[in-house]
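Here is the structure we will look at, set down as structure tokens.
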Amino acid sequence: MVAVISNEIACRARLREYGYNMSIEQIFRDDKSGGFDMAHIQLQHADRIERLLLAMAIATLWCHELGEHVLQQGKTARRLIAPRPRRKLSLFQLGLR
């Protein structure tokens, strides 16, 4: 059960918006500190940053694909990576681990 407090009219669309926003927040968390720790990158040359971002984008997509694959394999496969009964990890984290 999830309680959503909003100044908007309560409806199913509001829950979809909330779910969408939460997925975006997970992505930002994964990008910033949950995966490749972008918050601590100290590169200063634009060309190096550009190459790093390209590599990170490819690696991120790969991790998402691996996470999707783990979920498609079912609960047994997921619990090998994340033993908790409820899903707490993002697709990226499942793939990365």
Side-chain angles (χ1 to χ4, degrees):
M1 175 180 267
V2 175
V4 177
I5 298 172
S6 174
N7 61 346
E8 302 288 327
I9 296 171
C11 62
R12 290 186 192 277
R14 212 62 57 233
L15 290 176
R16 281 193 300 274
E17 288 171 5
Y18 176 77
Y20 177 73
N21 290 340
M22 289 306 296
S23 68
I24 290 174
E25 291 296 325
Q26 272 187 341
I27 291 168
F28 284 144
R29 184 190 67 226
D30 288 341
D31 285 345
K32 186 175 178 185
S33 62
F36 302 121
D37 207 14
M38 279 180 57
H40 293 98
I41 293 171
Q42 297 180 4
L43 293 177
Q44 296 179 356
H45 299 285
D47 59 327
R48 292 179 182 173
I49 294 169
E50 186 176 297
R51 288 192 301 264
L52 177 63
L53 289 175
L54 175 61
M56 289 172 63
I58 293 168
T60 299
L61 288 173
W62 182 249
C63 287
H64 277 269
E65 287 297 317
L66 289 173
E68 284 281 353
H69 179 72
V70 168
L71 288 183
Q72 289 173 357
Q73 298 305 307
K75 288 183 181 181
T76 305
R78 183 178 56 81
R79 287 197 178 142
L80 289 173
I81 298 168
R84 293 189 175 153
R86 291 184 51 207
R87 184 176 159 201
K88 296 272 183 178
L89 298 176
S90 65
L91 286 175
F92 173 81
Q93 285 295 323
L94 279 174
L96 185 63
R97 292 178 184 201

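The first residue in the sequence is number 1, and the count goes up from there. Owing to the predicted nature of the structure, the values given are computational and were not obtained by experimental measurement.
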Quick one: pull up [atom1] in [X] and [atom2] in [Y] and give me the separation to the nearest 0.5 Å.
X: Leu96; Y: His64; atom1: CG; atom2: NE2; value: 10.0 Å
X: Arg97; Y: Leu94; atom1: CZ; atom2: CG; value: 8.0 Å
X: Glu68; Y: Cys63; atom1: CD; atom2: SG; value: 12.5 Å
X: Leu71; Y: His69; atom1: CG; atom2: NE2; value: 10.5 Å

If you count the non-hydrogen atoms of other residues, nucleotides and ligands that lie under 6.0 Å from CD in Glu50, is the total more than 12?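 Counting neighbours around CD of Glu50, 12 or fewer heavy atoms of other residues, nucleotides or ligands fall under 6.0 Å, so no.
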Taking all non-hydrogen atoms of both residues into account, name the closest pair between Ala77 and Gln73 and its distance.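 Heavy-atom minimum between the residues: CB-CB, 3.5 Å.
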For residues Val70 and Arg78, report the shortest heavy-atom separation together with the two atoms involved.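 For Val70 versus Arg78, the nearest heavy atoms are CG1-CA, 3.7 Å.
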Only counting residues at least two apart or in another chain, list the ones meeting side chain to side chain contact (heavy atoms under 4.5 Å, CB included) with Ile41.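 So Ile41 forms a side chain to side chain contact (heavy atoms under 4.5 Å, CB included) with Met38, Leu43, Leu52, Met56.
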Only one of Ile58, Thr60, Leu66 clears side chain to side chain contact (heavy atoms under 4.5 Å, CB included) with Trp62; which?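 When Ile58, Thr60, Leu66 are each tested with Trp62, the side chain to side chain contact (heavy atoms under 4.5 Å, CB included) holds only for Leu66.
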